[in-house]
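Because the structure is predicted, anything quoted here is derived from the model rather than measured. Residue numbers count from 1 along this sequence.
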Amino acid sequence: MAPSPFGQEPERTPEDDLAYRERLEDVVEEKRRALEDPGPPWKEWFLFSGVKWWIGLGFLIVDTWIIAGGFEAGLPVVGLALLIPASYLQFLLWRCLWFRPSLDRPVRGDFRRSWKRPVEFGRWTPEATMVRLHGRAALGPQGPNPQEFL
């Protein structure tokens with residue numbers, strides 16, 4: 001073995017070889033598990049979680065433009081006042097794309113729109129994909145039927 005330009009190579013002990021083999025076995029096992037369950041496709045990953053950061057960054061940029069435009073026009077109060085409806089529209093867009101109901105409450109069939117909940121499921125959520133592909137029955141039990149009670 002050629003000498004290292006940084007000095008003497010450290011001697012390898014049997015313990016070092018054993019530790020190396022154990023790490024190699026761990027890597028092989030992790031590779032086998034990754035091949036068995038590769039995870040969601042790229043499109044699902046991007047829509048369900050990857051693009052959230054970019055949309056949030058876009059919201060921040062738009063809010064900054066609104067505030068800076070108000071200061072540039074010499075009317076900072078108007079810029080701040082315009083920020084309120086813009087923030088509400090951003091909130092609605094976020095809920096339309098990624099709203100997921102609480103896991104504690106059962107999914108019911110009587111969904112009602114409100115000012116803070118425009119859709120039952122966000123468009124880019126696993127629940128919305130299941131409903132689009134398999135119908136509402138794919139979500140499981142619907143909870144108690146209010147008609148069964150007095």
Side-chain angles (χ1 to χ4, degrees), residues 10 12-150:
R12 292 187 66 156
T13 63
E15 291 83 18
D16 292 338
D17 289 337
L18 181 62
Y20 176 74
R21 285 190 191 107
E22 287 176 356
R23 284 194 312 259
L24 189 61
E25 289 172 4
D26 291 342
V27 169
V28 169
E29 178 64 23
E30 183 178 340
K31 186 177 182 181
R32 184 190 61 76
R33 283 183 291 175
L35 288 173
E36 286 176 359
D37 183 22
W42 278 101
K43 180 182 177 184
E44 285 182 10
W45 173 84
F46 183 72
L47 293 178
F48 293 172
S49 62
V51 77
K52 282 183 183 182
W53 294 98
W54 296 106
I55 297 287
L57 181 63
F59 289 165
L60 180 66
I61 290 170
V62 168
D63 293 344
T64 305
W65 284 346
I66 291 171
I67 293 172
F71 278 108
E72 187 71 27
L75 304 168
V77 175
V78 173
L80 291 174
L82 288 175
L83 189 63
I84 293 170
S87 297
Y88 177 66
L89 292 175
Q90 292 167 0
F91 170 76
L92 286 181
L93 178 62
W94 190 271
R95 298 281 278 209
C96 285
L97 294 177
W98 291 293
F99 177 74
R100 295 182 76 180
S102 173
L103 297 176
D104 299 337
R105 291 183 283 137
V107 178
R108 295 186 180 153
D110 58 341
F111 169 72
R112 292 188 191 101
R113 295 180 194 274
S114 67
W115 65 272
K116 64 178 184 176
R117 192 167 168 207
V119 293
E120 186 172 12
F121 306 110
R123 177 149 180 86
W124 293 340
T125 60
E127 291 86 2
T129 303
M130 285 178 25
V131 168
R132 274 194 305 272
L133 295 178
H134 307 291
R136 290 197 54 79
L139 294 176
Q142 300 294 318
N145 184 359
Q147 302 300 327
E148 293 178 359
F149 298 100
L150 295 177

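In this structure, W65 places its CH2 atom where only 12 or fewer heavy-atom neighbours from other residues, nucleotides or ligands lie under 6.0 Å away. Within a 6.0 Å radius of CZ in R123, no more than 12 heavy atoms belonging to other residues, nucleotides or ligands are found. Counted within 6.0 Å of CD on E72, heavy atoms from surrounding residues, nucleotides or ligands total 12 or fewer; the atom is thus considered open.
Of the charged side-chain nitrogens involved, none lies within less than 4.0 Å of a carboxylate oxygen, so that E30 and R33 do not count as a salt-bridged pair. A salt bridge does not link E25 with R21: none of the charged nitrogens is closer than 4.0 Å to a carboxylate oxygen.
Of the inter-residue distances, the one linking R100 atom CZ with E127 atom CD reads 4.0 Å to the nearest 0.5 angstrom. Here the CG atom belonging to L57 is positioned 6.5 Å from the CG atom belonging to L60, to the nearest 0.5 angstrom. The CG atom of L47 lies 8.5 Å from the CH2 atom of W98; values are rounded to the nearest 0.5 Å. Separating the CG atom in D37 from the CZ atom in R32 is a distance of 11.5 Å, to the nearest 0.5 Å. Once rounded to the nearest 0.5 Å, the distance linking CZ of F59 with CZ of F91 reads 11.0 Å. How far CD1 of I84 is from CG of L89: 12.5 Å, rounded to the nearest 0.5 Å.
When all heavy atoms are compared, the tightest approach of I66 to G79 is CG2-O, 3.3 Å. Nearest heavy atom pair, residue A81 against residue P85, reads O-CD, 3.0 Å. Minimum interatomic distance between P76 and F71 (heavy atoms only, all atoms of both residues): CB-CE2, 3.4 Å. Minimum heavy-atom separation, I67 to L83: CD1-CD2, 3.7 Å.
In this structure the side chain of L80 never reaches within 4.5 angstrom of the side chain of V77, judged on heavy atoms. Annotation: side chain of M130 is not in contact with side chain of F121 (no heavy-atom distance under 4.5 Å). Considering only heavy atoms from C-beta on, R113 comes within 4.5 Å of V119 through its side chain. With contacts defined as side-chain heavy-atom distances shorter than 4.5 Å, the pair V131/E120 does not qualify.
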